[in-house]
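Here's the structure, in structure tokens; my notes come after.
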Amino acid sequence: MTPTLFDHLEQQEPLSKELGPGTALLRGLAQDHEALIMEALFAVAAESPFRHMVTPGGFRMSVAMTNCGALGWVTDSKGYRYASMDPETGGPWPAMPKVFMDLAQQAATLAGYPTFIPDACLINRYEPGARLTLHQDKNENDFAEPIVSVSLGLPAVFLFGGLERSDKTIRLPIVHGDVLVWGGPARLCYHGINPLKKGSHPATGGYRFNLTFRKAG
DNA sequence: TAGTAGCT
DNA sequence: GGAG
């Protein structure tokens, strides 16, 4: 039986107050298909391997990334953008696995975006110490489309701020299986991930993986 | 400025 | 030495 948004909200702290409308933290939503998801993730990585991209400023990112779907997020000395081809392999990104698409659409629907059809899935791999500093997702074409973020493996602290970098941030402890959706007035909020702490997780070993679904094109 | 260093 |  598919859980309703009410089922999820019932078991969690009231996020809507802090994060505003259009935003939901769906605790444990990805746990049901955890084995299938990890299998699909490794299949994607076998085709387009994880790599440490470089920011326009010339810094190597601590998070290793790959993509699946029609478009993939990339950064290099020329800037941030979406590309239909993997710069490393020269070929298209791997197709988005059905289990990814189904999960993203289920999460988006629960959060109030029933027509969400992602064309991009950025896969982030965090090792201990890896982090993402506060940033906005603004390389997509339509900001009316939400962001769906799936957490797998080691726990992390998700930072959620406002529309300006200097705005106060709240710290959300995120664990394996949690899915965070944000859109509407929160769509362009600054967010980030604190440096990952060392640990071990049955599903992912010493890593945290994050799937970020977007309609980019 | 999707980073890092350096401070409290 | 970790957290902010």
Side-chain angles (χ1 to χ4, degrees), chain A residues 18-19 23 25 41 44-45 48-88 93 104 118-143 145-175 178-183 186-200 206-217:
Chain A
E18 291 114 327
L19 300 184
T23 303
L25 175 51
L41 189 157
V44 167
S48 275
F50 285 102
R51 81 293 304 262
H52 293 271
M53 298 187 198
V54 174
T55 66
F59 292 99
R60 171 190 186 272
M61 296 185 72
S62 57
V63 176
M65 300 176 162
T66 186
N67 290 276
C68 62
L71 295 171
W73 187 86
V74 296
T75 174
D76 58 22
S77 59
K78 295 179 299 186
Y80 310 134
R81 63 193 175 281
Y82 283 91
S84 58
M85 297 291 229
D86 179 346
E88 291 296 312
W93 299 102
D119 56 13
C121 174
L122 173 63
I123 308 176
N124 290 161
R125 187 189 68 192
Y126 295 75
E127 57 185 52
R131 64 177 301 184
L132 273 187
T133 58
L134 230 45
H135 67 278
Q136 294 171 300
D137 291 10
K138 56 179 183 185
N139 300 118
E140 300 75 28
N141 279 325
D142 184 359
F143 298 142
E145 298 285 349
I147 303 290
V148 175
S149 173
V150 177
S151 293
L152 299 161
L154 290 179
V157 174
F158 189 101
L159 306 171
F160 212 102
L163 295 176
E164 296 192 25
R165 188 185 296 274
S166 57
D167 288 346
K168 191 166 95 69
T169 58
I170 63 166
R171 297 165 201 0
L172 292 174
I174 295 285
V175 300
D178 288 353
V179 181
L180 185 58
V181 182
W182 66 97
R187 174 61 179 75
L188 289 171
C189 282
Y190 276 89
H191 58 280
I193 294 284
N194 268 356
L196 197 77
K197 288 194 233 176
K198 269 190 293 188
S200 183
Y207 293 102
R208 171 179 184 263
F209 293 94
N210 176 261
L211 313 176
T212 308
F213 295 92
R214 307 173 175 118
K215 184 183 178 333

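All heavy atoms count here, side chains included; hydrogens, waters and symmetry mates do not. Note that the coordinates shown come from a computational prediction; the quantities given were computed from them, not determined experimentally.
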Original post:
Rounded to the Å, how far apart are A:Leu134 CG and C:dG4 P?
Top reply: 14 Å

Original post:
Have A:Arg214 and A:Tyr82 got a donor and an acceptor in their side chains that come within less than 3.5 Å?
Top reply: yes

**OP:** Searching all strands shown, indicate the nucleotide that pairs with C:dG1 (Watson-Crick or G-U wobble; both distances under 3.5 Å).
**Re:** none

**OP:** Rounded to the nearest angstrom, tell me the gap between atom CG in A:Leu132 and atom C1' in B:dT1.
**Re:** 12 Å

Original post:
Using the C1' atom in both, what is the distance from B:dA5 to B:dT1, to the nearest Å?
Top reply: 13 Å

Original post:
Between C:dG4 atom C1' and A:Ile193 atom CD1, what is the distance in whole Å?
Top reply: 16 Å

Original post:
How are the rings of A:Trp182 and A:Phe160 set to each other: parallel, tilted or perpendicular (split at 30° and 60°)?
Top reply: perpendicular

**OP:** Look at the side-chain N and O atoms of A:Thr133 and state whether any lies under 4.0 Å from the OP1 or OP2 oxygen of B:dG3.
**Re:** yes

Original post:
Using a cut-off of less than 4.0 Å, is there contact between a side-chain N or O of A:Lys197 and OP1 or OP2 of C:dA3?
Top reply: yes

Subject >> A:Arg171 and A:Thr169 side chains, donor-acceptor separation under 3.5 Å >> reply: yes

Original post:
So what does A:Asn139 touch, heavy atoms closer than 4.0 Å: a base, only the sugar-phosphate, or nothing?
Top reply: base

Original post:
Between atom NZ in A:Lys198 and atom P in C:dG1, what is the gap in whole Å?
Top reply: 12 Å

Subject >> A:Thr212 side chain to A:Asn210 side chain, donor-acceptor N/O pair below 3.5 angstrom >> reply: yes

Original post:
So what does A:Arg214 touch, heavy atoms closer than 4.0 Å: a base, only the sugar-phosphate, or nothing?
Top reply: base

Subject >> Nucleotide nearest A:Asn194 (side chain, heavy atoms from C-beta), chosen from B:dG3, C:dG4, B:dT1 >> reply: C:dG4

**OP:** Please state how far atom OH in A:Tyr190 lies from atom P in B:dT1, giving the value in whole angstrom units.
**Re:** 12 Å

**OP:** Given side-chain hydrogen bond (donor to acceptor under 3.5 Å, both in side chains), test A:Ser151 with A:Asp178 step by step and report yes or no.
**Re:** CA-CA 5 Å; A:Ser151 293; A:Asp178 288 353; over 6 Å; no

**OP:** Measure the distance from CZ on A:Arg171 to C1' on C:dG2 and round it to the nearest whole Å.
**Re:** 13 Å

Original post:
Separation of A:Arg131 atom CZ from C:dG4 atom P, in whole Å?
Top reply: 12 Å

Original post:
Rounded to the nearest Å, what distance is computed from the CZ atom of residue A:Phe158 to the C1' atom of nucleotide C:dG4?
Top reply: 18 Å

